[in-house]
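Chain naming here is simple, since letters A, B, ... match the order of the sequence lines and numbering starts at 1 in each. Quantities reported herein were computed from a predicted structural model and do not represent experimental measurements.
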Amino acid sequence: MITKAVNTGGVVTVETVKEQLLYELGDPENFLTPDVTVSLRDVRVEQVGGNRVSVSGAIGSPPPPTLKVSATRGEGYRTEATLVLIGARLEEKAEQTRSIIFSRLADQGWTFDNQLMELFGPSEDRVLIRLAVSHDEKEAVEAFTKEIAPLVSAGAQGTTGYTGGRPKVRPLFGFYPEFIDREAVVPRISYFEAVRS
Amino acid sequence: MKKLKDIAYGRSGDKGADANIGIIAYNEEDYEVLQKMLTSEQVRAYFSELPIERVDRYELPNLWALNFVLVGALDGGGSRSLRSDAQGKGLAQQLLEMSWK
């Protein structure tokens, strides 16, 4: 039975429960968890009252012989910056802005194989541009972050929206989900006595 | 012009470097239409700008739902991708805007 506490927001309906069942789902007949393999094939979802939905018919079978390991590895650095461009010929301005940034970085010896510019808009007379980069070298990404603010005064006319300060350089992680034999994992639980202050 | 959102709703998210899109019909008749008409190939073509390796399609007739797994769609996944929707949260909303006869 799915329901919710009184005097709280949200809504529990057949629609919201079905959405949640499908959220981040792979093969619905073999939903793997550490404790059980679930088949959602014959699941029934019924509204049985206001904000009350019954979910039945999920079939469990033994869990897989493996466990999932979410391995990550540091693979460089990343950042992203946004700017607003105002005026006309906004796509051209955006392209010009990108080319100014990367040609100045090239002058400093940095080239970026991983870069992405997304345009949001244009709406009426303005567009939001989002530039994201990643690089093996932290220094390269730092150099990129220093090329954004100068565009407001020395880039294309009508470049603005630089309000959040210099973008932060963040580590970039590669994500490697893998399976390991569950026998290789020995769970250990430690209890700690709560200390009354 | 009718759109997919006129007969269905949905939810999407990430599974590592893959994305999934659940599309759920509002009623059984529309599910039967979806089940016949909404193919993996269509979904893949609709998101032609994503680096999709293949689309796996699963049917959940009890829920009047289809689940699409877009293998490789997230370009390395949430922690690696430079895209603004690195976790594929908006993909269902995009797909629901598809024209539908």
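- In this structure, A:Phe144 is a member of the same hydrophobic cluster as A:Met117, with clusters built from ILVMFWY side-chain heavy atoms closer than 4.5 Å.
- Residue A:Gln108 places its CD atom among more than 12 non-hydrogen atoms of other residues, nucleotides or ligands, all under 6.0 Å distant.
- A:Leu105 and A:Ile129 fall within a single hydrophobic cluster, where Ile, Leu, Val, Met, Phe, Trp and Tyr side chains are chained together by heavy-atom contacts under 4.5 Å.
- There is no path of hydrophobic side-chain contacts, each under 4.5 Å, that joins B:Leu82 to A:Ile101.
- Interatomic distance, B:Ile21 CD1 to A:Leu22 CG, rounded to the nearest 0.5 Å: 11.5 Å.
- Only the side chain of B:Ile24 comes within less than 4.5 Å of a heavy atom in chain A; its backbone stays farther off.
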Give the atom names and distances for all donor-acceptor pairs closer than 3.5 Å across chain A and chain B.
unit_1	atom_1	unit_2	atom_2	d
A:Lys18	NZ	B:Leu63	O	3.0
A:Gln20	OE1	B:Arg11	NH1	2.8
A:Leu22	O	B:Asn20	ND2	2.9
A:Tyr23	OH	B:Lys89	NZ	2.3
A:Glu24	N	B:Asn20	OD1	3.1
A:Glu24	O	B:Lys15	NZ	2.9
A:Glu24	OE2	B:Lys89	NZ	3.2
A:Leu25	O	B:Asn20	ND2	3.2
A:Leu25	O	B:Asn67	ND2	3.1
A:Gly26	O	B:Asn67	ND2	2.8
A:Arg41	NH1	B:Glu59	O	3.3
A:Asp42	O	B:Asn62	ND2	3.0
A:Val43	O	B:Asn62	ND2	2.9
A:Glu75	OE1	B:Arg80	NE	2.8
A:Glu75	OE1	B:Arg80	NH2	2.7
A:Arg78	NH1	B:Ser79	O	3.2
A:Arg78	NH1	B:Ser81	O	3.3
A:Arg78	NH2	B:Ser81	O	2.9
A:Glu118	OE1	B:Ser84	N	3.2
A:Glu118	OE1	B:Ser84	OG	2.9
A:Glu118	OE2	B:Ser84	N	3.3
A:Glu118	OE2	B:Ser84	OG	3.3
A:Arg130	NH1	B:Leu82	O	2.9
A:Arg130	NH2	B:Leu82	O	3.1
A:Phe173	O	B:Ser79	OG	2.6

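- Applying the salt bridge (charged side-chain N to carboxylate O under 4.0 Å, His left out) test to residues at least two apart or on different chains, none of the pairs has a partner in residues 4-13 of chain A.
- Note on A:Leu25, A:Val45, A:Val133, A:Val43: by heavy-atom pairs under 4.5 Å with chain B, the leading option is A:Leu25.
- With a threshold of 4.5 angstrom between heavy atoms, A:Leu131 does not approach chain B through any atom at all.
- Using a 4.5 Å cut-off between side-chain heavy atoms of Ile, Leu, Val, Met, Phe, Trp and Tyr, with links allowed through other members, A:Leu90 and A:Ile148 fall into the same hydrophobic cluster.
- Using a 4.5 Å cut-off between side-chain heavy atoms of Ile, Leu, Val, Met, Phe, Trp and Tyr, with links allowed through other members, A:Phe175 and A:Leu32 fall into different hydrophobic clusters.
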